[in-house]
Amino acid sequence: MPYLLRRFALILLLPLALAACQSEPPATPAVPASDFSVTVGTDPHSFAEFEKVRIRHLSLDLDADMTARTLSGHVLLDLDRPVPGFQRLVLDTRDLDIREVHAIRPDGESLPVSWRLGSDHGHLGQPLIIVLPQGIEQVRIDYASRPEAFGLQWLDAAQTSSGQPFMFSQSQPHYARTWVPLQDTPAVRYTFDATVRGPRNLMVVMGADGNEFERNNSGEYRFHMPEAIPSYLMAIAIGDLEFVELGPRSGVYAEPQWIERAAAEFDVLEEMIDIGEDLYGPYRWGRYDLLVLPPSFPFGGMENPRLSYVTPTIIAGDGSLLALVAHELAHSWSGNLVTNAAWRDLWLNEGFTVYFEARIMEALYGREVRDQLAKLAWDGLLETLEQVDEADRQLVRDLSDRDPEQAFMRVPYDMGRFFLDWMEHRVGREAFDAFLRQYFDHFAFQSIATEDFRDYLQAELIAAHPDRLSLEEVDQWLFEPGLPEIAFEIEPQSDAFVQVDDWRRQWQGGEIELAELPVDDWSVHQWRHFLIGLEGALDAETMAEMDAQFALVEQQNYEILFLWLMRTIEAEYAPGIERLESFLLEVGRNKFTAPLYSALAASDWGHDWAIEVFERARPGYHPLTRQAAERALGLDQS
Ligand code: BES
Ligand code: ZN
């Protein structure tokens, strides 16, 4: 059944809803903006009726059981009720055991209220429907998460480098509902408090204020988040963590085995924050720390406010993969401060962030590095645009009937970024920076839709530069599939890459020997460009020659290693396959594992081998990595 119909059927099934609905006064605007109206609609990926009731503050009290793999306790929700007569609260849940629900009266007395879980809507989970008596502004829910919670990964002692258990959350896009019953939509923002008890020998950290830099003796940790955030930014982790300070407001947490390398790799963090502030205004979240997760973390990074998560696969030893840190930090403005109201508007988060990331990289390492990274992104984007359906070639996409997980592709990231490059190119950097800074101030701590951005752009930038850019051009970027013609005004160029192209051509054309390639001068990005651009499939003999010359199979840089392993599959190159096996058993970062499994599944030799490796790797994978690998291998029956 289409989603909207399903949703409608659900509401019809609710006898308790009817009386309340009939006498309902007209809805008031959802998010009052200062002088621009914010047109937040309902979010197709949440059951929350947030225009009528909305969470203002949330207090968690949880016990973490590392053996049973559960978080259990209660959450108190403080509510705003813009439509006081509306007597129902619908929350998002998925795989939660709900035990009791109480309404807390203003005098503090708690009374049990009726509630029930609606039917199961797959990845959207089950709505928790609670009767909300008049005048009630606080609700308490006693609940527990399940071991299979999609938004949590539990690792036992044998699965970590510290030899101690580890747990971390990944709430974006819609997995917060697997560990807290709440309004799981980026349109709603709230502050929170949390008390969490874990084992005494481990440390609990959260994306919040109050992190302790050392393990305490009680195992109980308290947190407070004074800035209002959307649910997808809720983050918790528990493990054998150490902390190293990097600057007055920055530092890094990691398991003991990673901490020194991590601290050395990320020593520019404080400088990056300063650069961000110089560009687009104050950093408004107090501290900014990084948490290095085990290699099973399914992403490169996650911008959890005050405590961003990163994969250890960016610790290359030479700072060459720090663009990812710049990216997560940049989200402190684009995404965390000004937030997409629904996942259709994801480009507002990710496109702005990739642009901002490139500006930080340019300020730190110069124009050349920026151009190399831009060219890699451009080439990757063109390739993606050729592969995906027309509906996915667009910045703003209708995702109402789809898993929002599918919103995360190169298009909102890189096409979004090039759209910003293009605006900068048209009006000049000074004017564009002034506009962006004002945009972040104007919409700070609000969730907005593409249309809100478009109105603001029209009023503040296009109106001031009508001879430079037009709304018609902007709409081509936003609403038409593929890169518009005008995008080629800003096609990135890198002389360093042109040289690599020359060398590669000469070597593959038999004009020069491998040993003559001037690789000692190459950046990691030149290496990537070299490997991506190799003509045709390499045979095992050529792979062996390259290994003899460059020891690629021993690469410590995971971006280079990944590209090499992809070539390994094509060539059925034995030493590479051995490394591939250990790689798949260790790393759960989907950007690497999903294409590797896909390539194996499509190869002449690798399909059954890949399934066998996957079965062994599976217990150590995050649910998201499992899901993507199963899809790649054709093991999912859905
Ligand atoms: N917000 C994303 C992480 C994310 C992606 C969460 C998909 C949920 C679904 C994060 O900021 C991000 O974009 N990470 C990228 C790195 C970036 C440099 C492109 C990643 O993890 O690869
Ligand atoms: Zn991002």
Side-chain angles (χ1 to χ4, degrees), residues 45 123 150-153 168-178 184 186 207 229-235 272 276 288 290-293 295-305 307-314 316 320-340 343 345-361 370 373-374 376-377 380-381 384 399 402-418 420 525 528 558-559 562 587-595 622-625 627-628:
H45 299 116
H123 66 92
F150 224 78
L152 302 175
Q153 183 174 17
F168 63 88
S169 65
Q170 168 56 43
S171 300
Q172 196 183 15
H174 63 328
Y175 307 121
R177 67 188 70 178
T178 71
D184 198 8
I229 58 158
S231 56
Y232 78 89
L233 294 176
M234 292 272 285
M272 280 192 180
Y288 185 71
L290 295 176
L291 170 63
V292 178
L293 291 167
S296 66
F297 181 52
F299 299 112
M302 177 64 214
E303 65 270 29
N304 298 316
L307 183 67
S308 289
Y309 289 5
V310 294
T311 167
T313 62
I314 58 163
S320 57
L321 303 179
L322 286 172
L324 187 133
V325 174
H327 179 97
E328 304 315 334
L329 169 67
H331 272 306
S332 307
W333 289 260
S334 42
N336 299 5
L337 192 60
V338 182
T339 306
N340 54 210
W343 300 117
D345 306 304
L346 177 71
W347 79 275
L348 288 174
N349 277 17
E350 298 297 349
F352 274 68
T353 297
V354 180
Y355 172 83
F356 195 160
E357 160 201 335
R359 294 296 303 277
I360 295 175
M361 294 304 281
R370 179 253 174 224
L373 288 165
L376 283 172
L381 175 62
T384 303
L399 295 167
R402 297 169 66 185
D403 187 333
E405 190 69 39
Q406 296 173 358
F408 294 86
M409 300 185 342
R410 292 199 90 117
V411 175
Y413 281 77
D414 294 324
M415 200 157 106
R417 170 259 172 91
F418 290 123
L420 269 74
H525 314 305
R528 292 165 72 185
Y558 276 70
E559 292 287 344
F562 161 71
V587 177
R589 185 176 175 189
N590 256 332
K591 171 183 157 180
F592 298 144
T593 50
H622 187 280
L624 281 161
T625 309
Q627 175 176 276

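Atoms within each ligand, like the ligands themselves, are counted from 1 in listed order.
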remark   = side-chain contact (heavy atoms from CB on, under 4.5 Å) filter on A316, not counting sequence neighbours, yields E265, D318, S320, L321, N557
Lys NZ or Arg CZ of R359 over F356 ring: under 6.0 Å, within 45° = no
Give me the pairs of N or O atoms, one from ligand 1 and one from the protein, that sit under 3.5 Å apart.
residue, atom, partner, partner atom, Å
ligand 1, 1 (N), Q172, OE1, 2.7
ligand 1, 1 (N), E303, OE1, 2.7
ligand 1, 1 (N), E303, OE2, 3.2
ligand 1, 1 (N), E350, OE2, 3.0
ligand 1, 11 (O), E303, OE1, 2.9
ligand 1, 11 (O), H327, NE2, 3.2
ligand 1, 11 (O), E328, OE1, 2.8
ligand 1, 11 (O), E328, OE2, 3.3
ligand 1, 11 (O), H331, NE2, 2.9
ligand 1, 13 (O), H327, NE2, 3.0
ligand 1, 13 (O), E350, OE1, 3.3
ligand 1, 13 (O), Y413, OH, 2.7
ligand 1, 14 (N), G301, O, 3.4
ligand 1, 14 (N), E328, OE2, 3.3
ligand 1, 21 (O), G300, N, 2.6
ligand 1, 21 (O), G301, N, 3.2

ask   = Do H327 and E350 pass the side-chain hydrogen bond (donor to acceptor under 3.5 Å, both in side chains) test, and can you show the C-alpha distance, the side-chain angles, and the key distance before you say yes or no?
value = CA-CA 9 Å; H327 179 97; E350 298 297 349; 3.1 Å; yes
ask   = If you check every N/O/S atom of E350, which is the one nearest the Zn ion (ligand 2)?
value = OE1
message = Taking salt bridge (charged side-chain N to carboxylate O under 4.0 Å, His left out) as the definition, give me every residue that meets it alongside D345, ordered by chain and number, with sequence neighbours left out.
response = none
key: A326: partners by side-chain contact (heavy atoms from CB on, under 4.5 Å), with sequence neighbours left out   = M272, E357, I360, M361
ask   = Is there a donor-acceptor pair under 3.5 Å between the side chain of N336 and the backbone N or O of I229?
value = no
